[in-house]
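This report concerns only the one structure given below.
Numbers here are sequence positions counted from 1.
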Amino acid sequence: MGPTAVMQQVAVLVMVVVVVGVTAGQGDEGALTSPNTTLGTTLVYPQDATVLLGALFPIHTSRKDPITGIVACDHLQGDYGIQPLEALLFTLDEINTNPNLLPGITLGTLVMDSCDHPTPALTQTLGFIKGYLAGQNEHHQAEFTCGDGSAPTFRSGLFDKVVGVIGGRDSAVSVQMASVLRVIEMPQISYISTSASLNDRERFPFFLRTVPSDSTQVQAILDILRSFKWSYASMVYSSGEYGEGGYRELTRTAAEYDVCFASPAHVLSKNDPDDVYQDVVKQLVNREANVVVVFAQREVAIRLLKTVRLLGAHSRFLWIGSDGWSSTPLQEVEAVAEGSIAVQPLARSLPGFEEYFRALTPENNGRNPWFQEYWNSDLSVSGTHQHEIVQWLHFVRDSAHAFAHALHAMWEEHCEGVAGICDAMAHSGHIHGQDLFQQLLRVSFLDTTNSTFRFESSGAGPARYTILNYQRHEHFSYRWVPVGTYTNTSGEVPELNLPSSSVQYRLSTAPPTSSCGKPCTDDQAKILLQEACCWRCEDCQPHQYLNRSTHLCHDCGDCQRPDRDACVDKDEKFIDYKNRWAITSLAFASLGIFSTVLMGVIFWVHLDTPVIKAASRELSYILLGGIFLSFVMSFVIVAPPSYVTCGLTRFFLGFSYTVCYAAILTKTNRISRIFNKSPTKSHKAIYTSPRSQVVIVTMLVSVEVAINVAWMVYNTPNTEHLCARTSQYRVRICGGLDDYSYVVGLVYPLILVLFCTIYAIKTRKCPGGFNEARYIAFTNYTTCLIWLVFVPLYLSTGATDDIRIVTLALSLSLGGFVQLGCLFFPKVYIVLFKPEKNTRDAVMSISRTSYNNNNNNRDSSYRASGRFPDDAASTPPHPIFFVNGGKPQEEALQKARASQHLDQDAPGRVNHLYIAAHSNPATGTTHPTTTTTHLPTTTTTHVPTTTTAQLLTRPTHYPTKVAHHTAL
């Protein structure tokens, strides 16, 4: 940044400078200062210094007029004001007497009073702006001149020598100073300001500090709480940059240390009325927290402790203090603060300073214009200093040494060993702040313990804290006693070193407890209540594991079980041939396989008998094959799930049903086409040969094959696990077994079942050897009933893997038994146990209607009356029944028999002989009708007409009888 640009940026400050005045001069040496004159007093030491370090110390406190709101300086501070000032002077003497540091250069200081408040501090900081403007005007471009044409100076040009500033003490003061000094790019080093907000390099680019940041102090406080297992604490903080910054850091970081703060936290100001303090204390008393963190300025902390004593709660709390109020004795509230633990930047004496300070008198310390005021106000009658030496003065020493070593590095870089400030270092008599700041970032030197000091990337010093305990000693005297440290001087993560035995408490030797819930065991979870810091302990559920880091129970998946700190897969289980359900279904299937094979053998042995021929032998064997496949599928279904067994199950589940019902459908369709052919059509039914039937079955089955292949290509067979939270196992099953996808292969067989039922109804009036309507219908009804029972059981959400698998196996087996029982057992029964019915005549089904007369006699009674000849009882291979009763003439009967040339070995051919006679009621005569009979040889037989007298012995009306003949 060029001089012209800088001057433009501070133009607005020039008006302020004029208002404040540029005539303030250095205080008269030895003159007595007071709060009213302190802001106009300046200490410059030594007078012949080559370069100066500006410094702002809180020599006095401040007070605010309640009426006007004007801030004025108040009483003098020995600990926070005089001692740091004297520590700086002591350090400068040390630096200037070191021949190896800044040869030929005398480092001095220009000190002013900040009155420990941002407003006076801002006014004093403007003095550095004035000196900067004067220096720029003198050494660079002259923009201001006096009336006589000379260049103006500010305070004899002393401020022009300032290259950096030390201060302030309070963080709010440092914020105001850094905001102004950044305009002129002047480096600033604070010796005790700890606010975390000062880490913002955008807002405060030229700010550094030798003390660690509050973010590190917050870590130390939280580490103390964690080490004593104080998981629940209240918090009080002061308003302003220091307290509010600490509050933000505490609440942001607390969770990382398993600490939570009661809500709400309380903010107090030193100007708040007493009733505000009392309300805060009452709220603290009503909580379960016995530990209170006080991140506040000294004035706020002292008023809070006084209010606790006033309300009689002095023995209730253990206080955790920040560095804002824990560096000096706590007069008037010692008993309340007893046992407190505080974090203070590393407490370390400055070697040689105590002897130096206690030897000071107004006579030998004329360089300090405020010392006489200090001497008058803080000396006892005995003439000794009453104040103890504060233990953080080494941070002031580090600030001065940081500037000295940075200037020395610049001298070494630019002056080539020539003593004094060279032109290359001063740049036309002026040291640029940007160059000095870059040297400060790289500076390193030994502190009072011979440890290397360097600034961290945030601009703060390394973490160096002392843990203090406020203890009572003899004669009821109290003081802060170092009991531990929190440091990371090696650059690693800070470590807390705090032996619990070194800490003294108010009422006992054991630390108090402070939590909003009882400690949970290692296997219990912390369940947070409405108050974020409170919890209750709960055992984890059987399906949960405890996360040791979060103390919360986490669910495991249905296929997993908890195992210490994680979830692991459950043991795998699957149904196999050793399962009791599998054994049951396999035994059932084995019986079915045996029965199917037995049926096949019986059919093969009796292949040429009429009953077997009438059953359509080819279709029967196809049907037996489908039934056999249904039973065999049980062994595949209960096999251990794999890609092969799952694929076979999906394919053959519907395929076996399709084979069965394709055969039944073809059979019933053939019979329907033969027997239900329209009388007006003379041509015979087509595709009734055995080969045609096999082709039709193959075509029907191929549809199911296409469906299954497409299904398996679209959804490849796989295995998956069926899991339930209450189960101890994960069950390996075939993919799709637990949903509705297996129904895909059964849709087509169910359509075949529907058509089979329709054709069974249509063929219900066919001859008995061919009429299987009631058996097929019963088979279909039973199959539907089986699936109505088993399918809901299979699809139910509560079904286990055993039930699902056994449901599939048993449903297939039951379906096979139903088909065997309804379609094969009756025929086998006739073949084996009723051979007299296994004849050509018995296979023919005779349909009779009731008589039309009043007696309602049966044909059996008519036959018993002797009207039929004896040989009529022996039914010819192709029986002929006559209409309207009567005894036929023997000649006509023989002629009709002789005219029938039937081929007994022509399977599947049907011959019809219908003889109908119509009588004329008016004439009492009967006109027989000649009916054409289609014979296997395609010959036509004409039955001669006869009269009623020739056919009947008495004129009685009998029901019409129609004979259906089938040649086997």
*Measure the CZ-NZ distance between R63 and K270 for me, rounded to the nearest 0.5 Å.*
11.5 Å

_Tell me if a side-chain donor or acceptor on T210 pairs with a main-chain N or O of F395 at a distance below 3.5 Å._
yes

*State, to 0.1 Å, how close V336 and H314 come at their nearest heavy-atom pair, and which atoms those are.*
CG2-CB, 3.7 Å

_From CD (Q544) to SG (C553), nearest 0.5 Å_ = 5.0 Å

_Identified side-chain hydrogen bond (donor to acceptor under 3.5 Å, both in side chains) partner of S197 from the options E241, E249, R248_ = E241

*Specify whether W480 and Y470 have parallel, tilted or perpendicular ring planes, treating 30° as the upper limit for parallel and 60° as the lower limit for perpendicular.*
tilted

*May I ask you to decide if E332's main-chain N or O and E334's side chain share a donor-acceptor pair within less than 3.5 Å?*
yes

*Fit a plane to each ring of Y465 and Y486, take the angle between them on a 0 to 90° scale, and name the class: parallel (under 30°), tilted (30 to 60°) or perpendicular (over 60°).*
tilted

*Backbone N/O of S193 and side chain of R209: donor-acceptor pair under 3.5 Å*: yes

_Parallel, tilted or perpendicular: rings of F353 and F90 (30°, 60°)_ = perpendicular

*Classify the side-chain pair E256/T253 by whether it contains a donor and acceptor separated by less than 3.5 Å.*
no

_Taking the six-membered ring for Trp, are Y237 and Y242 closer than 6.0 Å centroid to centroid?_
no

*Over all atoms of both residues, closest heavy-atom pair of P212 and T194*: O-CG2, 3.6 Å

_With rounding to the nearest 0.5 angstrom, report the CD1 to CG distance, I192 to L393._
9.0 Å

_Residue pair S171 / S195, side-chain donor-acceptor N/O under 3.5 Å_ = no

*Checking Q77 side chain against P58 main chain: does a donor-acceptor pair fall under 3.5 Å?*
yes

*Measuring from I467:CD1 to I341:CD1, what's the distance to the nearest 0.5 Å?*
8.5 Å

_Determine whether L546 and Q524 satisfy the following criterion, side-chain contact (heavy atoms from CB on, under 4.5 Å), listing intermediate values before the conclusion._
CA-CA 7 Å; L546 180 65; Q524 287 184 319; 5.7 Å; no

_Check R169 with D116, please: is the shortest side-chain N to carboxylate O separation under 4.0 Å?_
yes

*Got a salt bridge between K229 and D258, using NZ or NE/NH1/NH2 to carboxylate O under 4.0 Å?*
no

_For Y247 together with F261, are the ring centres under 6.0 Å from each other?_
no

*Taking all atoms of both residues into account, what is the closest heavy-atom pair of S213 and N199, and its distance?*
OG-ND2, 3.1 Å

*Just by modelled atom types, is the V259 backbone N or O under 3.5 Å from a matching donor or acceptor in the W230 side chain?*
no

*Can you tell me if S514 uses its side chain to pair, donor with acceptor, with the backbone of N290 under 3.5 Å?*
yes

*Would a distance-only check, ignoring hydrogens and angles, find a side-chain to backbone donor-acceptor pair under 3.5 Å from S515 to Y232?*
no

*For the residue pair R397 and F445, what are the closest heavy atoms and their distance?*
NH1-CE1, 4.2 Å

*N286 and Q283 side chains, donor-acceptor separation under 3.5 Å*: no

*Give the minimum heavy-atom separation between R316 and E288, together with the two atoms involved.*
NH2-C, 4.0 Å

*Give a yes or no answer on whether the side chain of R201 reaches the backbone of F207 with a donor-acceptor pair at less than 3.5 Å.*
yes

*Which value, rounded to the nearest 0.5 Å, describes the distance between L305 atom CG and L310 atom CG?*
12.5 Å

_Backbone of D447 reached by a side-chain donor or acceptor of S451 within 3.5 Å_ = no

*asked:* Looking at D170 and A172, would you say the former's side chain and the latter's main chain have a donor-acceptor pair under 3.5 Å?
replied: yes

_Shortest non-hydrogen contact between H394 and R348, atoms and distance_ = CD2-O, 3.2 Å

*Between T125 and Q176, a side-chain donor and acceptor under 3.5 Å*: no

*In Å and rounded to the nearest 0.5 Å, what is the OH to CG distance from Y545 to D563?*
11.5 Å

*Under 3.5 Å, is there a donor-acceptor pair linking the side chains of D323 and Q344?*
no

*I would like to know whether Q217 and D214 meet side-chain hydrogen bond (donor to acceptor under 3.5 Å, both in side chains); could you show each step before the answer?*
CA-CA 5 Å; Q217 182 180 189; D214 277 344; 2.7 Å; yes

